[in-house]
Amino acid sequence: MRPVTDTLSLSSLTPPVRDAIRGALLSWFRAGHRDLPWRRSADPYRVWVAEIMLQQTRTETVREYFDRFLARFPDVAALAAAPLDDVLALWSGLGYYGRARNLHAAAREIVARYGGRFPQDAEAVAALPGVGPYTAGAIRSIALRQRAALVDGNVARVLARLFALPLRPQEADGRRALWQLAEELVPEAPEAADADNDPGDFNQALMELGATVCLPQQPRCLLCPVSEVCLARRQGDPERYPPPRPPRQVPEVDRVTLLLCQGGQVLLLRRLPAGLWGGLWEPPTGEVDPRGPHQALQRLCQEQLGAQLPVERAQPLSPFVHLLTHRRMRFQPYRLEVAAVPPLHPQGEYDQLRWLDPSRPAALGMSAWVSGLLGRLHTPRRVCDAERTT
DNA sequence: AAGCCGGGGCA
DNA sequence: TGCCCAGGCTT
């Protein structure tokens with residue numbers, strides 16, 4: 001690696017400086033990096049699945065999901081042939097379930113339009129549902145070995161610090177500048193066996209640096225291969241970059257949910273395929289009613305099940321809070337044990353119905369709060385004495 | 001441009 | 001608590 005003594009700025013990103021950064025990052029990455037399952041082969045399918053899972057999700061979280069997913073769906077044909085329910089079941093707990101729906105739709109598109117072979121064309125890759133600018137760059141550079149840039153949260157932070165850019169990645173001009181920088185830095189794909197200047201390795205090096213060294217708080221600059229050229233470090237306070245994003249208000253929402261039990265089984269409904277928790281299974285859930293819990297439960301049964309049930313016998317369980325990026329949801333669960341039920345017709349927000357034995361959890365797509373609630377049902381703790389829903 | 005879309009780890 | 005995470009889609 002060549003030492004770089006020039007003052008680094010956008011205008012001084014000369015070819016020698018650029019090459020020095022490339023060389024330092026590539027040799028640092030190749031000297032040692034985390035052993036991640038999706039790095040063991042450059043199969044476009046594996047890279048694609050991993051990159052979708054990695055959207056807004058930590059690598060350590062993805063690791064287990066990826067292995068289970070690849071064991072069940074080893075190739076794009078297997079994924080395309082599976083029902084969406086099975087895909088969502090393996091996605092349960094990972095969040096952003098629209099990713100799973102898009103992944104499944106894209107797999108079917110790859111089979112239908114490209115004969116099951118992953119498209120190589122840049123426009124075709126970018127046109128797949130669920131594949132945006134970042135994921136397209138990742139697939140093209142890592143799996144297809146094309147010269148393609150990428151900017152994720154890690155890269156944005158590394159570049160903002162390296163060049164001391166007071167740019168917010170979530171704003172348009174910040175995005176534009178960071179992407180332009182990334183595109184100037186990413187090396188050309190090697191002609192043949194020459195493994196140097198691999199665009200995929202370079203991009204992974206940038207991300208690895210952001211994930212393990214150039215951390216949001218307390219960056220470990222002493223371990224950084226490019227600390228000598230880092231303007232933020234030269235200024236003495238790398239944490240200033242990128243500037244913090246403005247905090248946002250998170251509205252609170254109250255819900256009641258009904259665990260209808262019969263013969264050791266609990267009723268679950270499947271949500272409509274779009275929107276929050278689309279396609280996932282949950283107990284009938286609805287809004288609270290200012291008139292009281294009985295009215296809320298009665299309305300719930302009427303609107304979501306098309307039935308009347310003895311909701312006055314429902315017992316309140318411990319309420320819990322479920323946090324989302326844009327909502328703070330407070331759930332008040334009720335349990336209602338019945339000997340027999342009238343005919344039930346899923347409607348409203350739901351399109352299907354089934355009974356589940358909570359002690360033998362089936363492979364169903366469920367949100368984390370549903371899994372937690374069913375687990376609590378299986379091994380009950382205690383029932384709330386107070387019946388308060390406000 | 002802003003809002004919607006999950007869940008978890010960590011200071 | 002607040003912040004952030006190998007972002008994308010819709011309006």
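Residue numbers start from 1 in every chain, and the chains themselves are labelled A, B, ... in the order their sequence lines are given, proteins ahead of strands.
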Next item on the list: Would you state whether a donor and an acceptor, one from the side chain of A/T61 and one from the base of B/dG8, lie under 3.5 Å apart?
Entry: no
Notebook entry, point to check: Nearest-Å distance, CD (A/Q55) to C1' (C/dC9)?
Noted result: 11 Å
Note to self: Tell me the interatomic distance from A/W369, atom CH2, to B/dG7, atom P, rounded to whole angstroms.
What the structure shows: 10 Å
Note to self: In this structure, how many angstroms lie between the P atom of C/dC4 and the NE2 atom of A/H326, rounded?
What the structure shows: 19 Å
Margin query: Within the 3.5 Å criterion, strictly below it, is a donor on A/R157 or A/N154 matched to an acceptor on the partner's side chain?
Written below: yes
Notebook entry, point to check: Quantified in whole Å, what is the C1' atom distance between nucleotide C/dC3 and nucleotide B/dG6?
Noted result: 15 Å
Note to self: Please report the distance, rounded to the nearest Å, between OH in A/Y134 and P in C/dC5.
What the structure shows: 12 Å
Margin query: Let me confirm one number: the CD-CG distance from A/Q295 to A/L300, rounded to the nearest 0.5 Å.
Written below: 13.0 Å
Notebook entry, point to check: On the ring face of A/Y114, is A/R117 found with NZ or CZ under 6.0 Å from the centre and within 45° of the axis?
Noted result: no
Item checked: Rounded interatomic separation in angstrom, taking CG from A/L54 and C1' from C/dC4 -> 15 Å
Check: Taking atom types as they are modelled, is there a donor-acceptor pair under 3.5 Å from the base of B/dG6 to the side chain of A/Y96?
Finding: yes
Next item on the list: May I ask you to verify whether the side chain of A/T57 and the base of B/dG6 hold a donor-acceptor pair under 3.5 Å?
Entry: yes
Checklist line | Distance, C1' atom - from C/dC9 to B/dG8, rounded to whole angstrom | finding: 23 Å
Checklist line | hbond_proxy A/R327 side chain to B/dC5 base (donor-acceptor, 3.5 Å cutoff) | finding: no
Check: Once you round it to whole Å, what is the distance between P of C/dG7 and CE of A/M53?
Finding: 15 Å
Note to self: Given A/W369, which partner from the list A/T285, A/V321, A/L374, A/L323 fulfils the side chain to side chain contact (heavy atoms under 4.5 Å, CB included) test?
What the structure shows: A/T285
